Participant: 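Okay, handing you the structure first.
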Number of protein chains: 2
Amino acid sequence: MQLHKRDVVEAATRLLDGYGIADLTMRRLARELEVSPGALYWHFANKQQLLGAVADRILEPVSEPAGDWRDRVWQTCAALRDALLSHTDGAELVSASFAAGQSAAMKVIVSGLTEAAAQAGVDDAHAELAARTIVYYVLGFTVDEQSRLQWDAAGAALPDDQSVLAADGSARFRFGVGLLLGGIGVADTALT
Amino acid sequence: MQLHKRDVVEAATRLLDGYGIADLTMRRLARELEVSPGALYWHFANKQQLLGAVADRILEPVSEPAGDWRDRVWQTCAALRDALLSHTDGAELVSASFAAGQSAAMKVIVSGLTEAAAQAGVDDAHAELAARTIVYYVLGFTVDEQSRLQWDAAGAALPDDQSVLAADGSARFRFGVGLLLGGIGVADTALT
DNA sequence: ACCTGAACACCGTTCAAGT
DNA sequence: ACCTGAACACCGTTCAAGT
């Protein structure tokens, strides 16, 4: 029967989870869907656009946060990291799609963070930049964390000593978010 | 005559500046050097390692900073951004090499920033994370800035109205660095 | 020690032609 | 409207064999 956009994105996500981003190719995806490679180009202009759709799928669980601006930043950061860690190479894929401007969901997230920054007292000219700074942190941190996690999971049976110290990603993650909140919190007073 | 590592890196940098990262392929590089593709694998284990060497070349102008911890962070951030903007797709290439752990120069930069954070009063368990957070910002910001700059430069003859507002990357860049410095500056007092 | 030649196993994208 | 078949123009990497 007919191929729909959502079937393609679903199959792509399966491929990602099963084999990683390196094996998420247009040809392999076509094979999985039992269509010719060209068929995908009826539904998506190019690979970047398809990856953007996969990114948006990964980010579906990231819902609108509630509370004061600090709460909303915390919730968004935590939900974003959780979503990325839920799929093999999720952080890398979303990071690339964000940089390429192909993820609508990331744009929504940046908007929300921009509003939070504005509410914190950051002037309008810089609120979006503050929001993007938060996003750069979450993506950078999680790409890093996930690559270590996946490397450990594949063989490398616990280096034991170092891995304990390097562990507890959540606590480390929160420390970084705290740093940024600290900076934003003093932005209206201490900075020009 | 004989092919040396430094000739390969130099030719790769020329290719990067002239045609961008998408055209920096092992085969194209070999053609440029008038050797067979396999020859490159005598000098570099794989493409990632070669790109790491190019990243280190790009980062050569980033020198040891001086002054108190705030000065050193400012100087490092500014010099890093300048170096990335000096080569086509420089930010993207260095960002990828850093994520892959292939840039020795980036490790040195992180070390320096870690020391600065420690001097600012961030405890040892978190100083490196603070340093990485700064690096995530500089890389994320500059990847973004450079993609816009290069997009504008290629055709797109100044959208005029928007481009003036979106312009002055340096001032916007400094604002973000200020945010991070603010967070680090209060880290010893306000944060747990 | 250093490099060639040739192969292996792939890529993303396009597009006339079919249904 | 949606897809196939086949082509175009490439990739990164390996490795026996040569010098």
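Remember, it's a predicted structure, so these values are computed and weren't measured experimentally. Residue numbers start from 1 in every chain, and the chains themselves are labelled A, B, ... in the order their sequence lines are given, proteins ahead of strands.
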Participant: By nearest heavy atom, map A:Ala45 and A:Arg31 onto DNA chain C; which one lands nearer the 5' end?
Facilitator: A:Arg31

Participant: Counting Watson-Crick and G-U wobble pairs only, both distances under 3.5 Å, name the nucleotide matched with C:dA7, or none.
Facilitator: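 D:dT13 - that is the nucleotide pairing with C:dA7, both distances being under 3.5 Å.
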
Participant: Would you mind reading off the distance between A:Leu40 atom CG and C:dC11 atom P, rounded to a whole angstrom?
Facilitator: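 Between P of C:dC11 and CG of A:Leu40: 12 Å.
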
Participant: Atom CH2 of B:Trp42 to atom C1' of D:dT14: distance rounded to whole Å?
Facilitator: 14 Å

Participant: Counting distance only, does the side-chain N/O of B:Glu92 pair as donor-acceptor with the main-chain N or O of B:Ile21 below 3.5 Å?
Facilitator: no

Participant: Which atom pairs, one a donor and one an acceptor, fall under 3.5 Å between side chains of residues 28-38 of chain A and the rest of the protein, sequence neighbours left out?
Facilitator:
unit_1, atom_1, unit_2, atom_2, d
A:Ser36, OG, A:Gly38, N, 3.4

Participant: Need one value for A:Ser36: base, sugar-phosphate or nothing, where a base atom within 4.0 Å counts as base even if backbone is also close, heavy atoms only.
Facilitator: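 A:Ser36: base contact, heavy atoms under 4.0 Å.
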
Participant: Whole angstrom is fine here: how far is it from CG in A:Leu51 over to C1' in C:dT13?
Facilitator: 15 Å

Participant: If you check the A:Ala39 side chain, which of D:dG12, C:dC2, D:dT4 turns out closest?
Facilitator: D:dT4

Participant: Please tell me if the side chains of B:Leu59 and B:Leu84 come closer than 4.5 Å, counting only heavy atoms from C-beta onward.
Facilitator: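 Of all side-chain heavy-atom pairs linking B:Leu84 with B:Leu59, at least one is under 4.5 Å.
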
Participant: Whole Å only: how far is the CG atom of A:Asn46 from the C1' atom of C:dT13?
Facilitator: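 Interatomic distance, CG of A:Asn46 to C1' of C:dT13: 10 Å.
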
Participant: How long is the line joining CG of A:Asp7 and C1' of D:dC3, in whole Å?
Facilitator: 15 Å

Participant: On DNA chain C, does the nearest nucleotide to A:Gly38 precede the nearest nucleotide to A:Thr25 from the 5' side, or the other way round? Give the residue.
Facilitator: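 Final value for this comparison: A:Thr25.
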
Participant: Quick check on D:dC3: is either OP1 or OP2 less than 4.0 Å from any side-chain nitrogen or oxygen of A:His43?
Facilitator: yes

Participant: What is the distance, rounded to the nearest whole Å, between atom NZ of B:Lys47 and atom C1' of D:dT13?
Facilitator: 12 Å

Participant: How far, in whole Å, is C:dC10 from D:dA9 if one measures between their P atoms?
Facilitator: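 Here D:dA9 and C:dC10 have their P atoms 23 Å from each other.
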
Participant: Using whole Å, report how far CZ of B:Arg28 lies from P of D:dA9.
Facilitator: 15 Å

Participant: Any salt bridge between A:Arg81 and A:Glu145, counting N to O under 4.0 Å?
Facilitator: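 Here A:Arg81 pairs with A:Glu145 in a salt bridge, since their nearest N and O are under 4.0 Å apart.
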
Participant: Whole Å only: how far is the CD atom of A:Gln2 from the P atom of D:dC2?
Facilitator: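 In whole Å, D:dC2 P and A:Gln2 CD are 5 Å from each other.
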
Participant: So what's C:dA1 paired with, Watson-Crick or G-U wobble, going by both distances under 3.5 Å?
Facilitator: D:dT19

Participant: Can you find a pair of side-chain heavy atoms, one from A:Leu180 and one from A:Tyr136, that are under 4.5 Å apart?
Facilitator: no

Participant: To the side chain of B:Arg27, which of D:dC3, C:dC2, D:dT13 is closest?
Facilitator: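 Given the options D:dC3, C:dC2, D:dT13, the side chain of B:Arg27 is closest to D:dT13.
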
Participant: For the side chain of B:Val35, counting heavy atoms from C-beta on, which of D:dT4, C:dT4, D:dG12 is nearest?
Facilitator: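 Per side-chain heavy atoms of B:Val35, the pick is C:dT4.
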
Participant: Looking only at the side chain of B:Tyr41 (C-beta and beyond, no hydrogens), which of the listed nucleotides C:dC3, D:dT14, C:dT14 gets closest?
Facilitator: D:dT14

